[in-house]
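Order of listing sets the numbers, starting from 1, for every ligand and every atom in it.
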Amino acid sequence: MAWETVIGLEIHAQLATRSKIFSGASTAYGAPPNTQACAVDLGLPGVLPVLNAEVVRMAAKFGLATHSTVARRSVFARKNYFYPDLPKGYQISQFELPVVQSGHLDIDLEDGTSKRIGITRAHLEEDAGKSLHEDFHGETGIDLNRAGTPLLEIVSEPDLRSAGEAVAYMKKIHTLVRYLEICDGNMQEGSFRCDANVSVRPVGQEAYGTRAEIKNINSFRFVERAINFEVERQIELLEGGATVVQETRLYDADRQETRPMRSKEEANDYRYFPDPDLLPLELDAAFIDAVAATLPELPDARRDRFSHDYGLSRYDAGVLTASRELADFFEQTVENAGGEGKLSANWVMGELAGRLNKEGREITASPVSPALLGGLLRRISDGTISGKIAKQVFEAIWAGEGDADTIIERKGLKQITDSGAIEQSVRDVLAANPGQVEQYKGGQEKLLGFFVGQVMKVTQGKANPGEVNKILKRLLLE
Ligand code: ADP
Ligand code: MG
């Protein structure tokens, strides 16, 4: 039987505010345990939560960027459960009326088409603390610095049909929240993580199968592996005549498998109810308009503009707009390269990206600035140097030896465009290789490449390749 995979993701994006969602305590990462949890985060008696206005602006930004409805009225609710890292005994979240409702996002598929994924809702909530098991022999340590950290939980429709689609969707949301500057996207620090709901059904069947929910996955690679493992597990169960149990599972990255955490029967009844300490959140049109005015150019629009303005393929434009920093770098390079879009794209995605990758550097830490790279590309496009020599110059710029013009001058790398000089070199090469000349004239036209290579060798790569080809062809006809 053929099976179809059905996936819905719940993504937790930590909102990049300086203080917590309901208190003034700092959200800075990495502070000593329990130094950033105030009376409100601990839920001590007699304190009241006060909503951080910035998280509302951030949630509204996300809603507007995903064609969602930013609710004029939403409600905070208490989600009740007991856990050591939750001293209040409840988490403040949104339940029936979330601040962001029914939007969508388009993802690009491998076959070049795009697909629309529904966003059911996005709601504001506070994070819990953290249980620490290492370093505490037989005991558990509790760090409440995280308690009260603002989260936006983004829930998708079950529209994803493979692990690949799920990863594409997650990456797209990751790109978007960073463009919007509402989340730093740092997955190692837990600022961006997801729960994957996975089920399978026979191809052609309309009703969804029973799903399992895999909790807290914090890397794109793990999302893909966890889903693939889970799909295989469910298919095996069903084909063996068993059933899938609705349950929460954990992904174990070391063993590359998922295993049960708690079943539906053990699942908590959260007894949600509106939090009496917080007023309903009411937003007026003026507020929403003001937020709309702060939206930057969004990734999709920027990709389409790059593709149109610079003549790039949709794929390349997508790569260059995957982060705001990279897109900015590219555009500044084009400006410095005298408008050479295609050439700039090739160098940013090729030589530069390769070099950065090799040294594990981010684009923001590139020793070759857009001005330096643009200056180099200018010398390619005006014929001062060939593309090959340019790589040599690039290395020198990377090493901090100066700008392109300085390096070209100092190392004498200027391209030989004087056709008289090139013709002399071509004649020398032909005279030194009479055998190959015979073969060429006998029909072995592939030898042209050999001659070009020889001319480049004697000119140390400095001859203009177009000119070399032209002169070679002419002289070989003699
Ligand atoms: P819960 O509140 O129990 O987490 P929801 O109904 O809110 O459940 O759904 C949570 C996520 O599960 C959503 O992203 C949704 O798209 C996804 N989902 C729901 N049903 C299925 C299913 N049968 N297979 C896969 N994903 C599903
Ligand atoms: Mg859930």
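- Contacts between T210 and ligand 1, counted as non-hydrogen atom pairs separated by less than 4.0 Å, are absent for every part of the residue.
- The pair R355-E359 meets the salt-bridge criterion, since a charged nitrogen lies less than 4.0 angstrom from a carboxylate oxygen.
- Listed for the D277 side chain is no donor-acceptor partner under 3.5 Å among the backbone atoms of P49.
- Between R211 and ligand 1, at least one N/O pair is under 3.5 Å apart.
- The nearest non-hydrogen atom to atom 11 (C) of ligand 1, considering only D195, T248, N197, comes from N197.
- Heavy-atom proximity to G8, at under 4.0 Å, picks out these atoms of ligand 1: 14 (O), 16 (O), 17 (C), 26 (N).
- For ligand 1, the atoms closer than 4.0 angstrom to any heavy atom of E157 are 16 (O).
- Ring-plane geometry between F95 and Y272 is classed as parallel, the angle between the planes falling under 30 degrees on a 0 to 90 degree scale with a further cut at 60.
- Residue-ligand proximity, G209 to ligand 1, at heavy-atom distances under 4.0 Å covers atoms 23 (N).
- Using a 4.0 Å cut-off between charged nitrogen and carboxylate oxygen, R324 and E181 count as a salt-bridge pair.
- Using a distance-only test at 3.5 Å, with no hydrogens or angles considered, no donor-acceptor pair links the side chain of S68 to the main chain of V100.
- Distances below 4.0 Å separate heavy atoms of V6 from the following atoms of ligand 1: 24 (N), 25 (C).
- Closest heavy-atom approach to atom 22 (C) of ligand 1 among the candidates S156, A196, S199, G118: S199.
- Ligand-side atoms of ligand 1 in range of Y208: 23 (N), range being under 4.0 angstrom from any heavy atom.
- Residue I7 has no nitrogen or oxygen atom sitting less than 3.5 Å from a nitrogen or oxygen atom of ligand 1, judged on distance alone.
- Within the 4.0 Å heavy-atom criterion, the part of E10 lying near ligand 1 is the side chain and not the backbone.
- At a heavy-atom cutoff of 4.0 Å, ligand 1 is contacted by the side chain of V155 but not by its backbone.
- With hydrogens and angles left out, the side-chain atoms of S114 and D108 include no donor and acceptor closer than 3.5 Å.
- A salt bridge links K115 with E165; the closest basic N to acidic carboxylate O contact falls under 4.0 Å.
- Side-chain contact annotation: Y310 with E331, donor-acceptor N/O pair under 3.5 Å present.
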